[in-house]
Protein chains: 2
Amino acid sequence: MARPRTPLLSIDRIVDEAISMAGTTGAFTMTELATKLGVRQSSLYNHVDGRDEVLELVRQRLHEDMGVKVDISGRWQDVVRAMARAQRAALARHPWLVPLLATSPAEPGGAASSVENVATLLSKAGFADADVLQIIAMVDIIIIGGSLDLVSPEHLYPDEVLEGSDDLARVVRAAPTGVSRADAGFEFTLDLVITALEQRLEHSSKRGHSGTPHTPEANA
Amino acid sequence: MARPRTPLLSIDRIVDEAISMAGTTGAFTMTELATKLGVRQSSLYNHVDGRDEVLELVRQRLHEDMGVKVDISGRWQDVVRAMARAQRAALARHPWLVPLLATSPAEPGGAASSVENVATLLSKAGFADADVLQIIAMVDIIIIGGSLDLVSPEHLYPDEVLEGSDDLARVVRAAPTGVSRADAGFEFTLDLVITALEQRLEHSSKRGHSGTPHTPEANA
DNA sequence: ACCTGAACACCGTTCAAGT
DNA sequence: ACCTGAACACCGTTCAAGT
């Protein structure tokens, strides 16, 4: 039982298992990982440098998964909406890994390539250079924030708030909870933002060309 | 050296130290914690049930810190903007704890109380009940997403992207990086969203009964 | 009540041994 | 090249002992 004729392990198998473990519980140990793979812990080190590398590989895999193919032939509004939804859905499959992903750079070929397409599209749509990156940053913020929301506990607000008689209590009681609440918040934000972008585009095209339109307030 | 006449430890000291450790490195161990506090590991268990409880206490403390006092006497636009900025700033002080915080419910007296005030304000401003909670959810999404952005590495996009000649590359090269980039994205999003909300309010008040414009004094 | 030191189980990692 | 078993350092937790 020393070296098998065909390897029992592969990097892919290790990463697959790590994702399915960390994606549900939010944690994984080399011991569990080995056990699940029907192997001793020390075997893992023939394929991987250590726990940190496993984590790094998981991160890379997730990033690839976010390089969703979006049809960029449509209106920019639809493309942005579709990409945001797709990426959030990809994150939502492994909510516990969102923090991991959010704190690491975009990989070329993964999420970064979707971003390139969108950048082109937004430029062609007439958005100013200065706006394009910020729009992308904004969509990222919404995707990340909207995904983390999915990790929130079912009851976002404690019971005491619900029992109150003020505006928040009334409003909260009338709203959905859990995943559908998170979905609603995400979609609401997406709608609002896209509408706002449409208007920003109208304004700037009316006024001639680019610049940074109305932002009331500049506090120095 | 058994029991000292005045306790060496207190829950507060433990939590303080845990925050300063986890807030910078993103991790803490009971061993380090004890060492930093000039005490043996086992001593910690006289004050705290275990590592998990320390984490829970950290979470609670952070939540309290987010119960920022905002002056709610101004325009709802200014209040929302001020609260969003203040909460993001509070999170930014311990960026590594954002994921922890984002995945736990709001505590009464902490962030929840700020939210109550804002809910009242938005209701009075004329927003529909159905909108109020979603607006709050949206602001949360932006705060959380905008805070996590601060944990991102300095270079959000890999070098290969920067070297390209396409729209993204041009646009990225022209933009700030690091914290100021994150700040810019956050402020851009906040501006856009508040502008959009103003317009939403105008529309609905035009369509609805002609009263309750967005003056701070309006009563329901 | 509150600190210590010894003890235990568990985890990550290394490495010689085996094929 | 790739798996195993033994070994080590480290961490979280428990507990009897001391005041």
Side-chain angles (χ1 to χ4, degrees), chain A residues 1-62 94 96-97 99-101 103-104, chain B residues 1-62 94 96-97 99-101 103-104:
Chain A
M1 247 286 170
R3 161 146 120 99
R5 293 204 280 93
T6 145
L8 300 180
L9 254 38
S10 72
I11 290 195
D12 273 349
R13 285 201 61 209
I14 293 175
V15 176
D16 283 346
E17 191 57 46
I19 286 185
S20 95
M21 287 183 59
T24 55
T25 42
F28 78 96
T29 65
M30 298 298 268
T31 317
E32 286 174 301
L33 197 52
T35 307
K36 279 260 187 184
L37 292 167
V39 112
R40 300 285 160 203
Q41 320 179 37
S42 47
S43 310
L44 296 171
Y45 293 80
N46 287 304
H47 302 264
V48 159
D49 247 6
R51 191 178 185 279
D52 281 352
E53 191 179 313
V54 176
L55 221 58
E56 170 62 20
L57 290 170
V58 165
R59 225 211 60 222
Q60 285 178 24
R61 173 77 69 78
L62 276 251
H94 314 284
W96 288 103
L97 299 177
L100 176 66
L101 206 73
T103 58
S104 63
Chain B
M1 248 291 166
R3 160 148 121 97
R5 295 206 278 92
T6 144
L8 300 180
L9 253 41
S10 72
I11 292 195
D12 272 348
R13 286 201 60 208
I14 293 175
V15 176
D16 283 346
E17 191 56 47
I19 286 185
S20 96
M21 288 183 59
T24 54
T25 42
F28 77 97
T29 66
M30 296 299 266
T31 316
E32 286 174 300
L33 198 51
T35 307
K36 279 261 186 180
L37 292 167
V39 111
R40 302 285 159 203
Q41 320 180 38
S42 45
S43 311
L44 296 172
Y45 293 81
N46 287 303
H47 302 265
V48 158
D49 248 6
R51 192 177 185 279
D52 281 352
E53 192 180 312
V54 175
L55 220 60
E56 170 62 19
L57 290 170
V58 166
R59 226 210 60 221
Q60 284 178 25
R61 172 78 70 79
L62 277 249
H94 315 282
W96 288 103
L97 297 177
L100 176 65
L101 207 73
T103 59
S104 63

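These numbers come from the heavy atoms of this one structure, side chains and all, not from hydrogens, waters or symmetry mates. Chain identifiers are assigned alphabetically (A, B, ...) following the order of the sequence lines, protein sequences preceding nucleic acid strands; residue numbering begins at 1 within each chain.
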Using the rule given for side-chain contact (heavy atoms from CB on, under 4.5 Å), can you reason through A:Met30 versus A:Tyr45, listing the C-alpha separation, both sets of side-chain angles and the distance that settles it, and then say yes or no? CA-CA 10 Å; A:Met30 298 298 268; A:Tyr45 293 80; 3.8 Å; yes
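- In this structure, a donor-acceptor pair under 3.5 Å is present between the side chains of B:Glu32 and B:Thr29.
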So which protein N/O to nucleotides 11-14 of chain C N/O distances come out below 3.5 Å?
unit_1 : atom_1 : unit_2  : atom_2 : d
C:dG12 : OP1    : A:Met30 : N      : 3.3
C:dG12 : OP1    : A:Arg51 : NE     : 3.1
C:dG12 : OP2    : A:Met30 : N      : 2.6
C:dG12 : OP2    : A:Thr31 : N      : 3.3
C:dT13 : OP2    : A:Tyr45 : OH     : 2.9
C:dT13 : OP2    : A:Arg51 : N      : 2.7
C:dT13 : O5'    : A:Tyr45 : OH     : 3.4

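- Distance CG (B:Leu8) to C1' (D:dT19): 13 Å, rounded to an integer number of Å.
- Protein atom CZ of B:Arg3 is 4 Å distant from nucleotide atom C1' of C:dA1, rounded to whole Å.
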Full working for side-chain contact (heavy atoms from CB on, under 4.5 Å) between A:Glu56 and A:Asp52: CA-CA 6 Å; A:Glu56 170 62 20; A:Asp52 281 352; over 6 Å; no
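- When the side-chain nitrogen and oxygen atoms of B:His47 are compared with OP1 and OP2 of C:dA1, none of them lie within a distance under 4.0 Å.
- In this model, the phosphate group of D:dC2 is not approached by any side-chain N or O of A:Ser43 to a distance below 4.0 Å at OP1 or OP2.
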Decide yes or no on side-chain contact (heavy atoms from CB on, under 4.5 Å) for B:Leu44 and B:Arg51, but give the supporting numbers first. CA-CA 9 Å; B:Leu44 296 172; B:Arg51 192 177 185 279; over 6 Å; no
Criterion side-chain contact (heavy atoms from CB on, under 4.5 Å) on A:Val58 and A:Phe28, from CA distance to verdict: CA-CA 12 Å; A:Val58 165; A:Phe28 78 96; 5.6 Å; no
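- The shortest distance between side-chain heavy atoms of A:Asp16 and A:Arg61 falls below 4.5 Å.
- Separating the CZ atom of A:Arg40 from the C1' atom of D:dG5 is a distance of 9 Å, rounded to the nearest angstrom.
- Going from atom CG of A:Asn46 over to atom P of C:dA16 covers 14 Å, rounded to whole Å.
- Considering NE2 of A:His47 and CG of A:Leu8, their distance stands at 8.0 Å, rounded to 0.5 Å.
- Taking a pair as Watson-Crick or G-U wobble with both distances under 3.5 Å, the runs of three or more consecutive pairs in DNA chain D are C:4-8 with D:12-16, C:12-16 with D:4-8.
- When each of B:Val54, B:Leu33, B:Leu9 is tested with B:Val48 by the rule side-chain contact (heavy atoms from CB on, under 4.5 Å), just one qualifies, namely B:Val54.
- Spacing between atom CD1 of B:Ile11 and atom C1' of C:dC2 amounts to 13 Å, rounded to whole angstrom units.
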